[in-house]
Amino acid sequence: SPEYQPVFDRLHRLITAACPDAEVGVSYGMPTYRVGRRRLNVGAWAHGLSLYVSPSRDGGFSARHPALASGKGTIRLRPGDAARIPDDEFQDLVRAALRP
(Lines give C-alpha, C1' and ligand atoms only; values in the text may rest on other atoms or scores of the structure.)
Protein backbone atom coordinates (compact mmCIF):
# COMPACT_ATOMS: atom_id res chain seq x y z
CA SER A 1 0.00 0.00 0.00
CA PRO A 2 1.31 3.49 -0.82
CA GLU A 3 0.29 4.49 2.72
CA TYR A 4 3.00 2.21 4.18
CA GLN A 5 5.73 2.84 1.60
CA PRO A 6 7.40 5.66 3.60
CA VAL A 7 7.64 3.41 6.69
CA PHE A 8 9.06 0.56 4.61
CA ASP A 9 11.54 2.91 2.89
CA ARG A 10 12.69 4.21 6.29
CA LEU A 11 13.15 0.69 7.67
CA HIS A 12 14.98 -0.45 4.54
CA ARG A 13 17.35 2.52 4.81
CA LEU A 14 17.96 1.84 8.53
CA ILE A 15 18.47 -1.89 8.01
CA THR A 16 20.97 -1.43 5.20
CA ALA A 17 22.81 1.28 7.17
CA ALA A 18 23.03 -0.88 10.31
CA CYS A 19 24.01 -4.02 8.38
CA PRO A 20 25.45 -3.06 5.00
CA ASP A 21 26.48 -6.67 4.38
CA ALA A 22 22.88 -7.90 4.67
CA GLU A 23 21.62 -9.74 1.61
CA VAL A 24 18.13 -8.72 0.53
CA GLY A 25 15.84 -11.35 -0.89
CA VAL A 26 12.26 -12.56 -0.75
CA SER A 27 11.01 -15.30 1.54
CA TYR A 28 7.34 -16.23 1.90
CA GLY A 29 6.56 -13.27 -0.38
CA MET A 30 8.20 -10.78 2.01
CA PRO A 31 11.40 -8.78 1.82
CA THR A 32 13.99 -10.64 3.89
CA TYR A 33 17.31 -9.34 5.13
CA ARG A 34 19.95 -12.02 5.81
CA VAL A 35 23.36 -12.08 7.39
CA GLY A 36 24.60 -15.66 7.52
CA ARG A 37 21.81 -17.76 9.02
CA ARG A 38 20.09 -14.80 10.70
CA ARG A 39 17.02 -13.25 9.11
CA LEU A 40 14.71 -10.30 9.52
CA ASN A 41 11.50 -10.45 7.48
CA VAL A 42 9.32 -7.41 6.82
CA GLY A 43 5.69 -7.93 5.81
CA ALA A 44 3.09 -5.40 4.70
CA TRP A 45 -0.47 -6.11 5.84
CA ALA A 46 -3.75 -4.27 6.31
CA HIS A 47 -2.63 -2.83 9.67
CA GLY A 48 0.79 -1.64 8.49
CA LEU A 49 4.12 -3.46 8.59
CA SER A 50 5.24 -6.45 10.61
CA LEU A 51 8.81 -7.27 11.55
CA TYR A 52 9.41 -10.95 12.18
CA VAL A 53 12.21 -11.49 14.67
CA SER A 54 12.55 -13.61 17.79
CA PRO A 55 12.09 -11.64 21.04
CA SER A 56 15.38 -13.16 22.19
CA ARG A 57 17.11 -11.40 19.28
CA ASP A 58 15.29 -8.06 19.08
CA GLY A 59 17.61 -6.15 21.41
CA GLY A 60 14.82 -5.68 23.96
CA PHE A 61 12.59 -3.86 21.46
CA SER A 62 9.45 -5.91 22.21
CA ALA A 63 10.01 -5.51 25.96
CA ARG A 64 10.24 -1.71 25.56
CA HIS A 65 7.22 -1.65 23.24
CA PRO A 66 4.93 -4.45 24.46
CA ALA A 67 1.89 -2.94 22.73
CA LEU A 68 3.60 -3.53 19.36
CA ALA A 69 4.49 -7.17 20.05
CA SER A 70 1.91 -9.48 18.54
CA GLY A 71 2.48 -13.14 19.13
CA LYS A 72 5.84 -14.80 19.31
CA GLY A 73 8.34 -13.00 17.12
CA THR A 74 6.06 -10.43 15.49
CA ILE A 75 6.28 -6.67 15.89
CA ARG A 76 3.38 -4.78 14.32
CA LEU A 77 4.09 -1.23 13.17
CA ARG A 78 1.46 1.23 12.08
CA PRO A 79 2.80 4.44 10.53
CA GLY A 80 2.04 6.43 13.70
CA ASP A 81 3.83 3.89 15.89
CA ALA A 82 6.90 3.90 13.67
CA ALA A 83 6.99 7.71 13.66
CA ARG A 84 7.34 7.75 17.46
CA ILE A 85 10.33 5.39 17.49
CA PRO A 86 13.76 6.93 16.90
CA ASP A 87 16.03 5.60 14.17
CA ASP A 88 18.68 4.40 16.63
CA GLU A 89 16.16 2.14 18.35
CA PHE A 90 15.26 0.46 15.06
CA GLN A 91 18.95 0.10 14.24
CA ASP A 92 19.59 -1.55 17.63
CA LEU A 93 16.81 -4.03 16.82
CA VAL A 94 18.35 -4.73 13.41
CA ARG A 95 21.85 -5.27 14.81
CA ALA A 96 20.52 -7.61 17.50
CA ALA A 97 18.49 -9.55 14.91
CA LEU A 98 21.18 -9.87 12.26
CA ARG A 99 24.51 -9.85 14.08
CA PRO A 100 25.94 -12.97 15.80
Heavy-atom neighbours of Q5 CD exceed 12 at 6.0 Å: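 Yes, because the 6.0 Å sphere around CD of Q5 holds more than 12 heavy atoms from other groups.
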Is the shortest side-chain heavy-atom distance between [X] and [Y] below 4.5 Å?
X: I85; Y: L77; answer: yes
X: L11; Y: V94; answer: no
X: V24; Y: T32; answer: no
X: R78; Y: D81; answer: yes
X: V35; Y: E23; answer: no
X: L93; Y: R64; answer: no
X: F8; Y: L49; answer: yes
X: F61; Y: D92; answer: no

Output the distance between atom [atom1] ([X]) and atom [atom2] ([Y]), rounded to the nearest 0.5 Å.
X: I15; Y: R95; atom1: CD1; atom2: CZ; result: 12.0 Å
X: Q91; Y: T16; atom1: CD; atom2: OG1; result: 9.0 Å
X: S62; Y: I75; atom1: OG; atom2: CD1; result: 5.5 Å
X: C19; Y: R99; atom1: SG; atom2: CZ; result: 4.0 Å
X: L51; Y: F90; atom1: CG; atom2: CZ; result: 7.0 Å

Any side-chain to backbone donor/acceptor pair from [X] onto [Y]? Under 3.5 Å, distance only.
X: Y33; Y: V42; answer: no
X: R38; Y: R34; answer: no
X: S50; Y: G48; answer: no
X: T74; Y: G71; answer: no
X: R57; Y: A96; answer: no

With H65, the side-chain hydrogen bond (donor to acceptor under 3.5 Å, both in side chains) member among E89, R76, R84: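 Per the side-chain hydrogen bond (donor to acceptor under 3.5 Å, both in side chains) rule, the option paired with H65 is E89, out of E89, R76, R84.
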Residue pair M30, W45: steps toward the side chain to side chain contact (heavy atoms under 4.5 Å, CB included) verdict: CA-CA 11 Å; M30 295 179 281; W45 311 107; 4.1 Å; yes
